[in-house]
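Reviewing the structure listed below.
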Amino acid sequence: MHDQKTLKASEMFTMIGLFIGMKVTDTTPTLFAQKAQNAFWLIPIISFLVILPSFFLLIYLLKKAQNKNLMELIESLIGSKLGKTLGFLIFLSSFLLMCLDSRSYVEQIKLLYFPASPTTVLFFLFLCVVFFGAKKGLEVIGFTVKTSFLFIKLSALLLALLISVEIVWQRIFPIFGSGLSTILKEGALKGSIFSEFFLLTIAYTSFKDTKQFRIGTLFGVIFVIIEITFFFFVYATVFDYNSIEKASFPFHDITQYVQLGEYFANIETFFMVFWLLAGFLRFIIYIYLITWIFGAVFNISEFEPLILPFSFITLIIGMVPDNSVINELLFRDMLLNYVTPLFVLFPVILWIVALSRGALKK
Amino acid sequence: MIKHYGYIPVIFLLLLILTGCYDRIELEQQSYVIAVGIDKGEETGTFSFTFQLANPEVGATLSAGSDEEPQETVTITGSDIITATNTANSFITKKITLDQTKVIIISEELARSKDFIRVIQTAARTPQIRRSVQLIVSKENASDFLNNNEPKTETRPHKYYQYMLNRASQTGIIPDANLHRFFQITEGDADLFLAIYATTEISEPKESGSEDEYIAGQVPQQGGSKTQFMGSAVFKEGQMIDILDGQDTRICNILDKTIEMEELLATYPDPIKPEYQVSANYSQKSVPLVNVSYDKKNNHAKIDVTIPFEIEIIAIPSLVDYAQNNKYNQKLRESIEQSIEEKTTKLVKKSQEEYGSDPFYWSIYIRRYFKDIPAYEEADWNKVIYPNASITINYKLKRLEFGKMLKDSKLNEVRD
């Protein structure tokens, strides 16, 4: 399915916008606020700066190599054995991150809308939707993301507008929150919140033209960093430092807080619809790309049947943490820290190898 | 034929998805709590919770003429709000839902005790209670407040609280006291939080004083609902320490840039004929300018507050011609500015000396002088900086208008 090549820059742009932009609505802001207090909105910028050179290096290598996707590039540069090991590492870390991430989404849905339902059942249903979506292939995913992107982002914008009366910008002071060194350290360690950028490069050759991929990526990356910083800024100024680190789901707290005039007092369900759609799409992209990487590592060209077992494994691993607090503050925090060096370093290693081999001179 | 079987998994899945409706609950199986009242229980650690449940049928067009009561009030003893709803279900047939709760009422006795913060903390933990719920402190027990509260014209309780509080906070006689703000200020540990003060017990009406120098219960009224919302309860570190009257609450609302306030009516002394008052419509188009300069070495702050405002004169009972006589006009301007400045300075002084912290949310202005939170917290706004700060208040009357009449009728000509 992935060789019809109808994808264009707009699909890439919107996919990045949903895939990574959704982080503003999960527990990521709270995770950062626990460490950096009211300066947590600066962390994405630092993480971004940490991960960006590596990412652009990878894009540059892909451009040089021409018609090769991520795995093909890796294998052609550092050989099959090492390449497969690296590919497997990338797969494993991203897969674990996805399991914990999806658990966090399910916890949100449960806590806020279906308190009586068992987590397992909700998780199962969530993954059912994700599985059927992912099975459709990248073209359909790209198209769906493109058509729903505008509505999802407009609903988020509406929320930002409604909450804007509550913003007191002085709350960003003291500007360095719990201290400059904490922000720098946390920002550097959490570079992996942008690790999804790298996963998308597995689809490098599936676009109509690789130039489309690069243009979409460039604008998508700019859009996402602005969006994340903006929303984190909103949270910091609406909640203030001691309150934000206690709110597990600031996005939902805000949707419960705002009201549209006197008549529409409880409007969180309106936002929930778009949020849920975006959540589904995010994990559809996630599981599709991860399965693809797995397929590429083990030379399985027809990897789409693997989505079913992977969905199932996601459920099992995702259910390991006892509750959302452990999931977020312990497992996810730790994993994000460990994964960062991998994604920061591997494009650099590839580049050095390519340079020494003279592969870049062509 | 093979294609036919493709529907089987779909149907199977549909079944699966539909059985996932664990949380399905019909509207008529739920009881919506509009107001929660919290009182001190007899033993320590227990509280008594009063739930005011709305009857959704009242006010619906279909059931017009039904003689059901619009609301039901029940009281339960428990240790926290959520388990109390469970206990209440031993005699309430429907599932009690807190989604629609508009107000939480706390008795003054509980608010002044150290236990208040414990019980309100549980309200933040449950996703059912919204952060926009308003906090009300009642002079009497919260259960009495809820039982006595019998609105005459607005029988649907959810609309009653919404309209009542909206109107009162527009005029500034009560603060904006939602739960979000309570936690923000209490956890920020720098400023004072103001909750709405209310009562259903009419005490001795206060003898003298202008129209807004009351606290709830003192407003002389005849007829209408007995419930009065007026003034505010001052909370320091999650514990109530004092009551401010309607006028002081207005000043707090004026000085706090995070609170939106519409125009308000007030009276000011008539400078030419002091036995009369001038009624005016005070409106504030822009936020007050709070200028904080901070001396790091001595940990001392200088706060300069400039409040631009506009006045529209509504009534001049003394019939002095302020509109066209320039000298009088100037005198009136100065006298209004002075009178409101005096009242504000008095309140600021009181907050510095008596409370040791500010109800105006001014700590947000000092924060930019610190580079991180540890330094900010060490400087200690509410114990060191604010009580010793030198504060100057400056009201600037931008525009003085005289409504649609240029001149009052000349008294001596009328009586001719």
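In what follows, every chain begins at residue 1, and chains take the letters A, B, ... in the order their sequences are listed.
In terms of heavy-atom pairs under 4.5 angstrom with chain A, the leader among B:Val133, B:Ile373, B:Ile364 is B:Ile373.
Within a 6.0 Å radius of NZ in B:Lys371, other residues, nucleotides and ligands contribute 12 heavy atoms or fewer.
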- Mind running side-chain hydrogen bond (donor to acceptor under 3.5 Å, both in side chains) on B:Gln184 and A:Ser243 for me, showing each step along the way? CA-CA 6 Å; B:Gln184 218 166 43; A:Ser243 301; 5.7 Å; no

- Query: Yes or no on side-chain contact (heavy atoms from CB on, under 4.5 Å) for A:Val168 and B:Lys257, after CA distance, side-chain angles and deciding distance?
  - Reply: CA-CA 9 Å; A:Val168 179; B:Lys257 79 158 214 169; 4.0 Å; yes

- Message: B:Arg368 vs A:Ile175, test: side-chain contact (heavy atoms from CB on, under 4.5 Å). Steps then yes/no.
- Response: CA-CA 7 Å; B:Arg368 64 195 163 104; A:Ile175 192 83; over 6 Å; no

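Interatomic distance, CG of B:Asn178 versus CD of A:Glu166, reported as 6.5 Å (0.5 Å rounding). Atom-to-atom distance recorded for A:Phe173:CZ and B:Asp372:CG is 13.5 Å, nearest 0.5 angstrom.
Checked options B:Tyr361, B:Trp362, B:Tyr365; the residue passing with A:Gln170 is B:Tyr365 (criterion: side chain to side chain contact (heavy atoms under 4.5 Å, CB included)).
Contact of the A:Asp240 side chain with the B:Glu187 side chain is not registered, since no non-hydrogen atoms from C-beta on lie closer than 4.5 Å.
Taking the six-membered ring where tryptophan is involved, the planes of A:Phe239 and B:His180 are perpendicular, since the angle between them exceeds 60° and thus also 30°.
Neither the backbone nor the side chain of A:Val258 comes within less than 4.5 Å of any heavy atom of chain B. When heavy atoms are compared at a cutoff of 4.5 Å, B:Asp189 does not approach chain A at all.
A donor-acceptor contact shorter than 3.5 Å links the side chain of B:Arg367 to the backbone of A:Arg171.
Heavy atoms only, all atoms of each residue included: B:Gly188 and A:Tyr241 are closest at O-OH, 4.0 Å. Closest of all the heavy-atom pairs between A:Gly177 and B:Pro374 is O-CD, 3.9 Å.
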